[in-house]
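Step one of this worksheet: look at the structure below.
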Amino acid sequence: MNLAELGWSDFFAKSFEPLSTRGFVPARASREHNRVYSVIAEEGVFSAEVSGRFAYDAASKKDFPAVGDWVAIQPESGGGRATIHAVLPRKSAFVRKTAGARTEEQVVAANVDIVFLVSGLDGDFSVRRIERYLTAAWDSGASPVVVLNKADLCADVEERAREVESVAFGVPILSVSAKEAQGMAALREQIGQGKTAAFLGSSGVGKSTLINGLLGVSRQEVQDVRGDDSRGRHTTTYRELVVIPGGGLVIDTPGMRELQLWSDGDGLERTFEDIEERAAECRFRDCRHESEPGCAVRRALEEGELDEGRWRSYLKLRKELDYLASRQDQSARLVEKARWRKIAMEVRRIEKNKQSRGDR
């Protein structure tokens, strides 16, 4: 494949210019497992690991390659293996907070043009979950598209679509049935030549079935969801960049039991722009939207112009992001402290070496 078919553009070419003089080759990360990567270059597919210098300089997990990243590699003689020396700046990145107590970001998919937010039209359907995914999608820099899958299991698809329209302003909404191969043409039209789409959603919503439909082959086994709660087991166990016949690429991701946000707030404002507009009309700039006079938000809630459930969802996500921001500040201070400790240790090592040479 040529680089353009893999999503290469002038944006990446400009970043790669200083690296090309060092004999490196551009490649795109298509898969990762325990810091061992599959990368695709014009010369072929390589198994690659980062260089020792790269690993030493990396400050956190986000600095390591993610699926979809463009990297600078040095192929080894004999073919088949390569070393990654740099990650090119990302055009976009779908990011979440890592699972557990650590306050650290995880890049789920990089350099994505379109984010397909997949929701099942079965017992697991949730407008509130779609709001959460939209918040992360707008923050990523990619364009979101809501995909309502399993239309064959829903008695009123149009009503569900209207519910989503009420929270996903201006976002394309596609109703499909991957199992019955309905609506796949409209899905395929969203992905142009050299464009990359990522499929994101909870476990069991049918992401792998949708991707199999786009590929025209069963890339991997697809498992049925449980009948009692419409939840499924993870079919996809790793992230992978896949080339679609006829042009375009998709990134398949494991299902997420819960998407923990990593955001600066811009995505929240974009997702809840109706609430943000109301808040801007409040009499007081620091209005808490509780009992203050002239509160436009409370007035909209009382008059039924603003849905109470949507308001509670907004408050929940805002509280989550405020807490995240405080944890990020604390984490940044710890990282800076560790950096200066590392510098001090290096200075002491150099001084000790100087003294040893002087004694000889």
Side-chain angles (χ1 to χ4, degrees), residues 1-13 15-17 19-20 22-55 58 61-94 106-114 188 191-199 207-208 210-221 235-254:
M1 296 185 66
N2 62 51
L3 294 180
E5 292 175 317
L6 290 170
W8 187 256
S9 66
D10 291 341
F11 174 86
F12 301 112
S15 300
F16 189 74
E17 284 178 1
L19 296 166
S20 63
R22 299 168 60 184
F24 297 146
V25 174
R28 197 165 188 195
S30 62
R31 188 172 173 180
E32 184 269 335
H33 181 67
N34 293 333
R35 299 280 168 85
V36 177
Y37 302 85
S38 288
V39 299
I40 309 173
E42 284 187 325
E43 294 78 4
V45 179
F46 297 87
S47 175
E49 297 183 53
V50 300
S51 68
R53 170 54 62 179
F54 184 105
K61 290 181 179 179
K62 71 179 179 63
D63 296 324
F64 282 84
V67 172
D69 266 326
W70 282 96
V71 296
I73 65 169
Q74 181 68 63
E76 298 178 6
S77 58
R81 298 187 63 81
T83 301
I84 298 172
H85 290 271
V87 175
L88 273 61
R90 293 165 178 143
K91 183 173 62 176
S92 64
F94 191 94
Q106 177 188 26
V107 180
V108 177
N111 299 315
V112 174
D113 300 290
I114 303 161
R188 180 66 181 87
I191 312 173
Q193 183 76 24
K195 298 297 182 181
T196 301
F199 282 76
K207 299 187 302 299
S208 294
L210 288 168
I211 291 176
N212 285 345
L214 290 173
L215 295 176
V217 296
S218 295
R219 186 171 125 268
Q220 60 182 14
E221 181 182 356
T235 301
T236 300
T237 56
Y238 51 82
R239 300 176 189 87
E240 184 173 14
L241 177 75
V242 185
V243 180
I244 303 175
L249 309 99
V250 296
I251 296 177
D252 192 8
T253 64

Measuring from [X]:[atom1] to [Y]:[atom2], what's the distance to the nearest 0.5 Å?
X      : Y      : atom1 : atom2 : answer
Gln74  : Leu19  : CD    : CG    : 11.5 Å
Leu88  : Phe11  : CG    : CZ    : 8.5 Å
Leu3   : Ile40  : CG    : CD1   : 11.0 Å
Ile191 : Asp113 : CD1   : CG    : 10.0 Å
Leu241 : Asn111 : CG    : CG    : 10.0 Å
Arg90  : Phe12  : CZ    : CZ    : 10.5 Å

I'd like to know if the side chain of [X] and the backbone of [Y] have a donor-acceptor N/O pair within less than 3.5 Å.
X     : Y     : value
Asn2  : Ala4  : yes
Ser38 : Ser47 : no
Glu32 : Asn34 : yes

Shortest non-hydrogen contact between [X] and [Y], atoms and distance:
X      : Y      : result
Ala48  : Ile84  : CB-CG1, 3.8 Å
Ala13  : Trp8   : CA-CZ2, 3.4 Å
Pro245 : Leu214 : CD-O, 4.2 Å
Ala82  : Pro75  : CB-CA, 3.8 Å
Ile251 : Ala109 : CD1-CB, 3.9 Å
Asp69  : Ala110 : OD1-CB, 3.4 Å

Report yes if the side chains of [X] and [Y] come closer than 4.5 Å at any heavy-atom pair, otherwise no.
X      : Y      : result
Val242 : Asp252 : no
Arg35  : Phe64  : yes
Gln193 : Glu5   : yes
Val45  : Val39  : no

- Item | Verdict with reasoning, Ile73 to Thr83, per side-chain contact (heavy atoms from CB on, under 4.5 Å) | CA-CA 5 Å; Ile73 65 169; Thr83 301; over 6 Å; no
- Message: Given the ring of Tyr37, does Arg31 sit roughly above its face, with NZ or CZ under 6.0 Å from the centre of the six-membered ring and within 45° of the axis?
- Response: no
- Message: Show, in sequence, the C-alpha distance, side-chain angles and deciding distance for Val108 and Arg239, and conclude whether the side-chain contact (heavy atoms from CB on, under 4.5 Å) test is met.
- Response: CA-CA 8 Å; Val108 177; Arg239 300 176 189 87; 3.5 Å; yes
- Hey, mind stepping through Phe16 and Trp70 against side-chain contact (heavy atoms from CB on, under 4.5 Å) and telling me if it holds? CA-CA 9 Å; Phe16 189 74; Trp70 282 96; over 6 Å; no
- Has Arg53 got more than 12 heavy atoms of other residues, nucleotides or ligands less than 6.0 Å from its CZ? no
- Message: Are there over 12 heavy-atom neighbours, none belonging to Asp10, within less than 6.0 Å of that residue's CG?
- Response: no
- Task: Evaluate side-chain contact (heavy atoms from CB on, under 4.5 Å) for Glu43 paired with Val25, printing each intermediate quantity in order.
- Result: CA-CA 9 Å; Glu43 294 78 4; Val25 174; 3.3 Å; yes
- Only one of Ile244, Leu6, Val112 passes side-chain contact (heavy atoms from CB on, under 4.5 Å) with Leu249, and that residue is Leu6
- Using only heavy-atom distances, determine whether the side chains of Arg28 and Thr196 contain a donor-acceptor pair under 3.5 Å.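 Judged by distance alone, the side chains do pair up.
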